[in-house]
Chemist: 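Before I ask anything, let me first share the structure, which is written out below as structure tokens.
Naming convention: chains lettered A, B, ... in sequence-line order (proteins, then strands); numbering from 1 in each chain. Below, all heavy atoms of this structure are taken into account, side chains as well, without hydrogens, waters or symmetry copies.
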Amino acid sequence: MAKYTITINGQSKDVDVDPDTPILWVLRDELNLVGTKYGCGIAQCGACTIHIDGNPARSCSLPVSRVADKKITTIEGLSAEANHPLQEAWRKHDVPQCGYCQAGQIMSAAALLKENKNPSDADIDDAMRGNLCRCASYTKIKAAIKSAANS
Amino acid sequence: MKNNKINKDRRSFLKVTTAVGGGMLIGFNWMGCKSDAVVKELSLPYPKEWVDFDAFIKIGDTGLVTIMSPNPEIGQNIKTSMPMIIAEELDVAWKDVVVEQAPLNTEWYTRQVAGGSQSIRHGWEALRKTGAAVKQMLVETAAEKWEAEPSDCSVENGMITHVDGRSIGYGELATEASKREVPEEPKLKDPSEFKIIGQSKRNVDMEGILTGAPLFGTDFKRDGMSYATALRPPAFGQELKSFDDTETRKVKGVQDVIRFGNKVAVIADNTWAAMKGKKALVAEWEQKQKAENSEYHSKTLLDYLEKKSDEPRRVDGDVDKAFAESDEVLERTYEAPFLPHSCMEPMNFFAHVTEEGAELIGPIQTPQWTQQRVADLLKIDKEKVSIDMTRMGGGFGRRLYGDFALEAAEVSSLSKKPIQMIFSREDDMMAGTYRPASAYKFKVGIKDNEVIAYHLTEACFNGQMFGTMPNNFPCGAIENYRVDCHTIESNITTGAWRAPYANFLAFAEQAFLDELAEKLEKDPVQFRLDLFAKAKEKPVGEEHNYEVDKFVGVIKLAAEKAGWKSDGDNSNLGFCAYYSHNTYVAEVAEVEMEDGLPKVKNIHCAVDCGIVINPNAAINQIEGGIIDGIGHAMYSDFVFKDGQSQSNNYHQYRLIRMPEIPTIDVHFVKSNNDPTGLGEPTLPPAGGAVANAIYKATGLRMYTQPFIKNLENLG
Ligand code: FES
Ligand code: FES
């Protein structure tokens, strides 16, 4: 085991875990931040997407030892009042079906909009192709990203 | 008794946490969540007291109403639409409603199942009556208080008003009203009076989903809980001979390793340790049953297609005689692979088994059946098994089977610990309950450019087309008609997969009809309409599992919206119409070539599902079903070698992703008929519509899924 101090959603947290533990499981099991989901464990589905220093990352494939000095944002900390433009757009379009993939979708979309305020269809496809939605809520996700970009 | 107590305690806990948290959604509060993350302003002050009317409705002294949602939520949005039906007849404002997930309780609720797109259809009348009965009790109470006639009272948004102007809210009347006898035949509204039904209402779990609240099975936590994984046979037909856990026990955080049946459980402090510990196990397996290959599956299915069964599922006239008299015969064979369900949330369950009983919490489509099976497994009374349902990260049929809940119960019982059993994605994909591989052969006899004989033969592993499918269209329209079904045993576990049988049969049938229409030099839409006209005028045979007018209604609507030209070439458009799970659907696909490969650009979809309860949510189901249907027909392949699946995760198993999705236009047939379900019916026609459009774009007919395998040479 090893001790790490990590900054998550603006708060500094101490954890004592195996160095190879993916940050996903540190969030979920140690810190009780369960919004970030496990879907594949091999960076193929996007359910576990978080931001590391503002960039999107698949938390299932990143050992805690590699992110100890970085700033992590999860769905729980995306906005203070659950009022990020994407969260508002998700409400407006009533996007989720089962909902399991949605935190990952929102985190990927948030990273896209930060870089690109006015993404084209192709930009959205590109940024979101790593996020599976088994319920196939894709049309709504796309529509919501567009309306968030316009807001 | 114990079970009742567990449930009661939990109910009272609910109330407390609700008081703290509040919001449009409760039900996950026993999941140890920080409820302030999902606080939403309540429309009315939180009641000091709740009055229970029945298993569905509680009314607070402030007028706030709690409605229990009885059925499991797998993303079909039942947790919003079922309470909407009650709220409509109860005549309360939707904003004053709080929804709770009901626990399994066979005395209070019937059919707590998510499957077959049947929840709304079965629940419709009972839910309406539930709301209407309580409304009547409240109105009668007000009338008595005012010494007036109930017929002089009207209700709006939980407020009762007398013609003379006096008015009183539900909250003030609830205690008195709840003492009245429940009317058995309360008056229901006329659909023209609906205010909530037919209006889009947002998913009641929205705030939780948007903020990462613990809603799902894997999110559940209990103090002192351990995490468990299980090593399962890597191939079907294998048994565990021996295992060595030396390395596993060295993994930090691993608490215990336990063999159970043909599997080995690793119990640990956290998920990662449990997963790592499992990887470190060294096991020896023995092949005890046949090690099946995909080649074997394919050959076996095709062999069976050449046989007739002793008990055909339908016979009209005499197909053999008609084939002999035909000018021409068209025969085509269609084949589909096994498919895993791939729910985004892998299988998991919490179990705590003690001397007193078993407590289970998790995502399950069949809580009632699972309760019985857990009781049988542990050899205890069913009453000692409690099951609570979390929201499910998808189901698609996989969570009907409950094997994961049984595993959790067994491991908890053996380890004497509260445990959360979680499947890795690899477990989920390799130890599935697959859609069985199947094949269909269609053979028609043509005389004077008319179809006079139709013979459908099915071959399938571990199952046969069930129910009334052999009585589907085009039976009734063709004089000589026969359906044969064969089932072949396989040691690969199989089960229902979203729109069982129809998910592949619809493609095969509708691709065949398209080819047949071409052979007869008829427009594919007109060809279908001609068959329906025959079925309506003089139906052949006794049983027909469809209504001609509704079917024709969706066909015409989809064709019109897609701009289908009955005399034109309709380049790149493919048509398909299918009836399943009590709902009629027609889809027109538009395909364009991109980088040498066909790409689905657009789907026009017409649906007749009776009254549409929650339009936006209905569109979600319709679009989801269509894209799911396209995705699996186009891309998903699943191969077995030596009894082992050759894909174990998403890098080896292709699901549809955002760049591949079309735009979708949804058109509802306006209807005042009772509602039918939408979780499945739009999936089956998607493959057919796309296959027929691909033919237009490429000249290639699709006979096997996934289509992409037939198109590789194009790219
Ligand atoms: S769980 Fe990390 S990408 Fe799938
Ligand atoms: S909403 Fe179910 S997986 Fe995306």
Chemist: List in chain and number order the residues that pass salt bridge (Lys or Arg N to Asp or Glu O under 4.0 Å) with K279(B), two or more places apart in sequence or in another chain; answer none if no residue qualifies.
Modeler: none
Chemist: How about CD on E115(A), more than 12 heavy atoms from neighbouring residues, nucleotides or ligands closer than 6.0 Å, or not?
Modeler: no
Chemist: Do R398(B) and D428(B) meet the salt-bridge criterion of a basic N to acidic O distance under 4.0 Å?
Modeler: no
Chemist: Between F423(B) and chain A, which part of the residue has a heavy atom less than 4.5 Å away: side chain, backbone, both or neither?
Modeler: backbone
Chemist: Can a donor-acceptor pair be found between the side chains of E88(A) and S151(A) at a distance below 3.5 Å?
Modeler: no
Chemist: Which one wins on heavy-atom pair count under 4.5 Å against chain B: D126(A), L86(A), I141(A), I75(A)?
Modeler: I75(A)
Chemist: Looking at R654(B) and E660(B), is any side-chain nitrogen of the basic one under 4.0 Å from a carboxylate oxygen of the acidic one?
Modeler: yes
Chemist: Does any heavy atom of chain B fall under 4.5 Å from the side chain of H93(A), the backbone, both, or neither of them?
Modeler: backbone
Chemist: I'd like to verify something: which residue of E81(A), K140(A), K142(A), H84(A) has the highest number of heavy-atom pairs under 4.5 Å with chain B?
Modeler: K140(A)
Chemist: Is it the side chain or the backbone of M206(B) that comes within 4.5 Å of chain A heavy atoms, both, or neither?
Modeler: side chain
Chemist: Flag the one option from I619(B), I664(B), I656(B) with the top tally of heavy-atom pairs under 4.5 Å to chain A.
Modeler: I656(B)
Chemist: Name the option with the most non-hydrogen atom pairs under 4.5 Å to chain B; the candidates are E30(A), K92(A), Q102(A), R129(A).
Modeler: R129(A)
Chemist: Have N620(B) and E623(B) got a donor and an acceptor in their side chains that come within less than 3.5 Å?
Modeler: no
Chemist: Answer with side chain, backbone, both or neither: which region of K201(B) has an atom nearer than 4.5 Å to a non-hydrogen atom of chain A?
Modeler: backbone
Chemist: Measure from NZ or CZ of R657(B) to the centre of the six-membered ring of Y138(A) and say whether it is under 6.0 Å with the direction within 45° of the ring axis.
Modeler: no
Chemist: Counting heavy-atom pairs under 4.5 Å with chain A, which one of G624(B), G631(B), P662(B) comes out on top?
Modeler: G624(B)
Chemist: So that I can tick it off, tell me whether K79(B) and D205(B) are bridged by a salt bridge, with the cut-off set at under 4.0 angstrom between side-chain N and carboxylate O.
Modeler: yes
Chemist: For the residue pair G393(B) and E345(B), what are the closest heavy atoms and their distance?
Modeler: N-OE1, 2.7 Å
Chemist: What part of I661(B) is in contact with chain A, defined as an atom under 4.5 angstrom from a non-hydrogen atom: side chain, backbone, both or neither?
Modeler: side chain
Chemist: Name the option with the most non-hydrogen atom pairs under 4.5 Å to chain A; the candidates are T218(B), N649(B), N270(B).
Modeler: N649(B)
Chemist: Would you mind telling me which of N131(A), T139(A), L132(A) has the largest number of heavy-atom pairs within less than 4.5 Å of chain B?
Modeler: L132(A)
Chemist: In terms of heavy-atom proximity below 4.5 Å to chain A, should S424(B) be classed as side chain, backbone, both, or neither?
Modeler: both
Chemist: Could you tell me which portion of V26(A) (side chain, backbone, both or neither) has an atom closer than 4.5 angstrom to a non-hydrogen atom of chain B?
Modeler: neither
Chemist: Among side-chain atoms of Q97(A) and S137(A), is any donor-acceptor pair under 3.5 angstrom?
Modeler: no
Chemist: Sort out for me which of I627(B), T663(B), V251(B), L210(B) touches chain A most, counting heavy-atom pairs under 4.5 Å.
Modeler: L210(B)
Chemist: Heavy-atom distances under 4.5 Å only: say whether I124(A) touches chain B with side chain, backbone, both or neither.
Modeler: both
Chemist: Using a 4.5 angstrom heavy-atom cutoff, name the option from E426(B), K276(B), M429(B), R498(B) with the most pairs to chain A.
Modeler: K276(B)
Chemist: So, using side-chain contact (heavy atoms from CB on, under 4.5 Å) as the criterion, who are the partners of T271(B) when residues are at least two apart?
Modeler: W25(A), D29(A), Y227(B), M275(B), I422(B)
